[in-house]
Amino acid sequence: MHHPCRLGERKNENMAAIVINGAQWGDEGKGKATDILGGHVDFVCKPNGGNNAGHTVVVNGEKYELKLLPAGILTPNVTPVIGNGVVVNLEALFQEIDGLESRGADCSRLRISSNAHLVGPYHQTIDKVTERFLGKRAIGTTGRGIGPCYADKVNRIGIRVQDLFDESILRQKVEGTLRSKNELLVKLYNRPAFDVDEMVDYFLQYRDRIAPMVCDTSLLLNQALDEGKSVLMEGGQATMLDVDHGTYPFVTSSNPSAGGACVGSGIGPTRISHAVGIIKAYTTRVGAGPFPTELFDESGEYLRETGHEYGVVTKRPRRCGWFDGVVAEYATRINGFTDMFVTKLDVLTGIKEIPVCVAYEVDGKRFDHMPESQSDFHHAKPIYEMLPGWTEDITGARTFDELPENAQNYMKRLEELCGTRVSYIGVGPGRDENVVINDLVAEIKGC
């Protein structure tokens, strides 16, 4: 909808675009945060990633594991959107939709960008064989073809959702992309070639089913903002996996940061009112790469088992460590976080003394901020500050004052280290098991 205005006037500002991003290496609880805030917005958009990372959302005691679909898919009256920055595996998409619909969920509101790129079976094969070929230098990908699909996008030989509706163009693109891939698979990796006709048929089998969902999602979302509606952008993965700002090369292939959310949704940065970081009260990581506060003792095992730290998609055990204040400050800086949602504080209950990393030491030198070089970060040793723990059950707390004094002090120190305000604290896995300090829902509605 076009809103005419007089020369020199700004457009309608009665709108709110909110970004939610992980502030560590993923698995921080973004699904829960998205579900809480998403119940009070009109649109929830996934702007990056694919079916390589998942969210666990608990609704009415029922656990849902979402991979490709936005968490907003479970919220009535919300339009869930897969943005242009997402890479879509059509087979996985419809398996997920079928699974949700078999449990009574309504997926008919889903909208998918015509500019989103498609993951083909050849991407998954290349992902797996190249990862094996790297040997000790393997990155630890999920093998779901996400990186190779993004590589095709940047190489300008990718296949997009819109190509499904022009069979001639689709065939030309499949021929083009398979020409080099088959050479690579056959001559270097001793794998069979992919047949062009079979790949064209593979994509076309989903065309009729996806057709009603496809639209210009950037236009859809911006028109919604013009009309005073609210949009929540739900980033996949996390800041420390950002291809530009993460622990390269042990990263994902997209930009799961606030800036990447703008690119992946087609919503301009001036339309964002809140950037919310999701961060655990400790730290976890899946896959290879440096992790300064990682624990290899019984404390790490305690965090893993108490926090149920196993991947939603891969079921891989997560590497666990204490809270890293250097990473937290860095994530706030990169994303411009206005708020933090700290999750899983309850997992720390019962620990007598809780170490918190406040800086790094590298070859005798102290780093209060993220080291510039990957080599320094790889060799960083955490400098810990010890904070007293608590034994009281905190799962029933709903206000900050209801937390034990030591838990309050722990959170105050985390807020100082993050460099932005903590607005929510997760004290249990349930949707309502949260301490609310700043009601972002009220702020969003006031925008």
Side-chain angles (χ1 to χ4, degrees), residues 20-36 53-58 61 63-67 71 140 236-241 277-287 289 291-325 327-328 331 340-357 382 384 387 389-397 403-404 406-407 410-411 413-414 417-418 422 424-435:
I20 285 182
N21 278 112
Q24 295 161 322
W25 279 279
D27 310 308
E28 301 94 345
K30 293 182 295 293
K32 179 180 181 181
T34 304
D35 196 45
I36 291 167
H55 301 317
T56 300
V57 179
V58 180
K63 184 183 287 187
Y64 296 85
E65 294 184 350
L66 305 177
K67 301 177 182 69
Q237 289 86 38
T239 302
M240 297 305 292
L241 294 175
I278 316 303
I279 194 164
K280 273 179 186 161
Y282 50 100
T283 311
T284 64
R285 176 168 196 170
V286 171
F291 180 3
T293 66
E294 184 172 9
L295 295 166
F296 300 96
D297 57 11
E298 62 275 8
S299 294
E301 189 63 25
Y302 175 84
L303 292 175
R304 185 177 301 110
E305 295 306 316
T306 307
H308 307 291
E309 297 297 351
Y310 294 88
V312 173
V313 174
T314 63
K315 308 303 179 186
R316 286 186 289 186
R318 295 173 185 147
R319 300 158 64 190
C320 296
W322 300 120
F323 185 86
D324 191 326
V327 164
M340 278 290 190
F341 191 137
V342 179
T343 62
K344 293 198 167 184
L345 183 64
D346 53 300
V347 173
L348 300 179
T349 299
I351 300 175
K352 187 175 181 180
E353 269 196 319
I354 308 171
V356 172
C357 173
Y384 284 119
L387 298 176
W390 59 93
T391 58
E392 300 92 331
D393 180 6
I394 64 171
T395 56
L403 291 173
N406 285 349
Y410 184 82
M411 288 309 311
R413 187 65 179 117
L414 263 55
L417 292 167
C418 289
V422 171
Y424 291 85
I425 304 168
V427 292
R431 183 176 182 174
D432 300 321
E433 292 180 321
N434 306 291
V435 167

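As the structure is a computational prediction, the values presented were derived from the model and not from experiment.
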For Tyr410 and Ala281, indicate whether the former's side chain and the latter's backbone hold a donor-acceptor pair under 3.5 Å. yes
Gap between atom CZ of Phe323 and atom CG of Leu387 - 0.5 Å precision: 11.0 Å
Taken in chain and number order and not counting sequence neighbours, the residues that satisfy ring pair (Phe, Tyr, Trp, His ring centres under 6.0 Å) with Phe291 are Trp25
Determine the minimum heavy-atom distance between Leu403 and Ala397, stating which atoms define it. CD2-CB, 3.8 Å
Any donor-acceptor pair under 3.5 Å from Thr239 side chain to Gly22 backbone: yes
Thr395: what forms a side chain to side chain donor-acceptor pair (under 3.5 Å) with it, not counting sequence neighbours? Asp393
Could you tell me which residues satisfy side chain to side chain donor-acceptor pair (under 3.5 Å) with Thr343, sequence neighbours excluded, listed by chain and number? none
For Pro382 versus Thr293, what's the shortest heavy-atom pair and its separation? CB-CG2, 4.1 Å
Can you list the residues that meet the side chain to side chain donor-acceptor pair (under 3.5 Å) rule with Asp346, with sequence neighbours excluded? none
Looking only at heavy atoms, which two atoms of Leu241 and Gln237 are closest? And how far apart? CD1-CB, 4.1 Å
Point-to-point distance, once rounded to the nearest 0.5 Å, from CG of Leu345 to CD1 of Ile425: 6.5 Å
Rounded to the nearest 0.5 Å, what separation is found between the NZ atom of Lys352 and the CG atom of Asn406? 12.5 Å
State which residues pass salt bridge (Lys or Arg N to Asp or Glu O under 4.0 Å) with Glu392; sequence neighbours excluded, sorted by chain then number. none
Could you list the residues that satisfy salt bridge (Lys or Arg N to Asp or Glu O under 4.0 Å) with Glu294, not counting sequence neighbours? Arg319
Go through the structure and list residues passing side-chain contact (heavy atoms from CB on, under 4.5 Å) with Asp297, not counting sequence neighbours. Leu295, Ser299
Cys320 side, atom SG; Glu309 side, atom CD - distance, nearest 0.5 Å: 5.0 Å
Taking all non-hydrogen atoms of both residues, which atom of Cys357 and which atom of Tyr384 are closest, and how far apart? N-CD2, 3.6 Å
For Glu28, give me all partners under salt bridge (Lys or Arg N to Asp or Glu O under 4.0 Å), at least two apart in sequence or on another chain. Lys30
Who pairs with Ala33 by side-chain contact (heavy atoms from CB on, under 4.5 Å), at least two apart in sequence or on another chain? Ile20, Ile278, Phe341
Would you please test Trp322 and Val356 for side chain to side chain contact (heavy atoms under 4.5 Å, CB included) and show each step? CA-CA 6 Å; Trp322 300 120; Val356 172; over 6 Å; no
Got a second to check how far Tyr310's OH is from Arg318's CZ, nearest 0.5 Å? 10.5 Å
Which atom pair, heavy atoms only, marks the closest approach of Asp324 to Thr283? N-OG1, 3.4 Å
What residues form a side chain to side chain donor-acceptor pair (under 3.5 Å) with Asn21, not counting sequence neighbours? none
Looking only at heavy atoms, which two atoms of Ile279 and Ala328 are closest? And how far apart? CD1-CB, 3.6 Å
Roughly how far, to the nearest 0.5 Å, is OG1 of Thr284 from NZ of Lys344? 7.0 Å
